[in-house]
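This report refers to the structure that appears directly beneath it.
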Protein chains: 2
Amino acid sequence: MADTISVVIVDDHTMVREGTRRILDGEPDISVVGEAGDGTEALALAARLKPDVILLDIRIPLLGGIEVAQRVRGIAPDTKVIVLTAYDDDDYVLAAMEAGTAGYLPKTVRAAEVVDAVRAVAAGETVLHPSIARKIARFWRRGTIQSVAADEVCLTPREMDVLRLVARGLHNRQIAQALTVTVRTVEGHLASIFGKLGVDSRTEAVIYGLEHHWLDLGADDVGG
Amino acid sequence: MADTISVVIVDDHTMVREGTRRILDGEPDISVVGEAGDGTEALALAARLKPDVILLDIRIPLLGGIEVAQRVRGIAPDTKVIVLTAYDDDDYVLAAMEAGTAGYLPKTVRAAEVVDAVRAVAAGETVLHPSIARKIARFWRRGTIQSVAADEVCLTPREMDVLRLVARGLHNRQIAQALTVTVRTVEGHLASIFGKLGVDSRTEAVIYGLEHHWLDLGADDVGG
DNA sequence: GCCGAAATAGGGGTTTCCCTCGATGCGCTG
DNA sequence: CAGCGCATCGAGGGAAACCCCTATTTCGGC
């Protein structure tokens, strides 16, 4: 490795990117070599620059941060990824861990901690913010992260179709029309969904889907 | 008005605050005099420092950004507020306008634009990002912002109680128990809610509440 | 002191939802 | 090929949910 650590910053908020850049460029041993505002851009930069470290936000357009992290392993195996995000849901943290990231920090940390984290992962260490580490530990005690990921329920594509329409407030009859099937089929899928999610009403299913980021409200910020 | 513009930065993400601070402190005519990580802290700083400009995030703990903006008018009338946030929902934009803010910028803008905005509002101008301005214009054409705000439905406290429980997936029977009333009463409140929101199912009502930020999913990040 | 809004609650009805039994065909995999 | 998951439907029934109308009490305001 060179004596200066090359870093790429990925965040859809330009303000945040530029602020982070100034923080890191203020360090003599760190050099920001690129910025990306969405997932595909991030992968392109990773492939071209193969930086030592990528600071990666989770909620970015075009490609989710988790997927970016996974693919970076393939295209730039020596690049370490630090997830730096506002979101610290269990799902995000676990998914990031499985994607082989070298660190996970909430955006509430101080700048100095991020600088330290960059140096640490560049040196081969793993950096978890205490609050995140606690989360992990909790799951670990419950039987390893793998098993947590395994018990992750998985709806079929058709079931997702149904759930998405339920989450838009449609009745079974309307869903049936939208999917050109009978109401009975919709009910069948819903029964299956309820079973998998461990709920017993459409409203609970929608809540579950929103909490696990399977659905979004069509509006809201969506990385922008 | 001094020759240097005093600025307070409000954001719950320390990283973002420090990055923004470095951007602004790099300007000779701008001086960051304080940072706050939540709403109450922001008001305390506003009262004590009476800065020329406050850069304010919307989703902050303890007190929402909109409410902070409203109160700042009372405690520091000469202070201009620029909303700088990841969220650009109609509701947020309109609420911010009504709260008397001097600008509204998405976090996707470049640092230079924020710097310009700070100077502009300090000079008494109003700064709207083009994307935000379009939003406003759309509502304006539909009959002024006031009327939009007026047709804003308003649930009674009891109706909000019911809606919150509905949004947690409870059945009417469970809601009735939780509120120590009969199922009929819950149905009555729900009927009233449906009428006000213009929907006809509990699921739609929950979606409406989430989209308008009346509800949150209990989890998620809460702090944008 | 009356009026309106909110909260409470009931009667009686229709619709939708949800469950428990099934069944068929289709594609993939061991 | 023999399963197995997936998607598609059906019957029948009980339980919620939702709708329209009415009624009481309470409380704050003019």
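Below, chains carry the letters A, B, ... as their sequence lines are ordered, and counting in each starts from 1. As the structure is a computational prediction, the values presented were derived from the model and not from experiment.
- Considering only residues two or more places apart in sequence or on other chains, A:R202 meets the salt bridge (charged side-chain N to carboxylate O under 4.0 Å, His left out) condition with none of them.
- With the end axes of the helix from C:dG1-D:dC30 to C:dG30-D:dC1 each set by five pairs, the angle from one to the other reads 40° at 10° resolution.
- Applying the side chain to side chain contact (heavy atoms under 4.5 Å, CB included) criterion to A:A95, with sequence neighbours excluded, gives A:I66.
- Applying a 4.0 Å cut-off to non-hydrogen atoms, none of the residues of residues 198-210 of chain B approaches DNA chain C.
- Chain B approaches DNA chain D within less than 4.0 angstrom (heavy atoms of the protein), and the contacting nucleotides run 5' to 3' from D:dA16 to D:dC19.
- In this view, B:Q174 satisfies the side-chain hydrogen bond (donor to acceptor under 3.5 Å, both in side chains) rule with no residue, not counting sequence neighbours.
- Remark: A:F194 pairs with no residue by the ring-ring contact (aromatic ring centres under 6.0 Å, His included) rule, at least two apart or across chains.
- Both B:E187 and B:T180 lie near DNA chain C, and the one whose nearest nucleotide falls closer to the 5' end is B:T180.
- Contacts of A:A167 classified as side chain to side chain contact (heavy atoms under 4.5 Å, CB included), with partners at least two apart in sequence or in another chain: A:V206, A:L215.
- Of the residues in residues 155-177 of chain B, B:H171, B:N172, B:R173 come within less than 4.0 Å of DNA chain D through at least one heavy atom, sorted by number.
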Per-nt protein contacts along nucleotides 24-30 of chain C (heavy atom under 4.0 Å; B base, S backbone sugar-phosphate only, - none) come out as -------
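- At a cut-off of 3.5 angstrom, counting only N and O atoms as typed in the model, there is no donor on one side facing an acceptor on the other between the side-chain of A:R184 and the base of C:dG22.
- With sequence neighbours left out, A:I82 forms a side chain to side chain contact (heavy atoms under 4.5 Å, CB included) with A:V53, A:L55, A:L105, A:A117, A:V118, A:V121.
- For A:T79, the side chain to side chain contact (heavy atoms under 4.5 Å, CB included) test picks out A:P51, A:I54, A:V72, A:A76, with sequence neighbours left out.
- Dense packing is recorded around CZ of B:R164, with more than 12 heavy atoms of other residues, nucleotides or ligands lying under 6.0 Å away.
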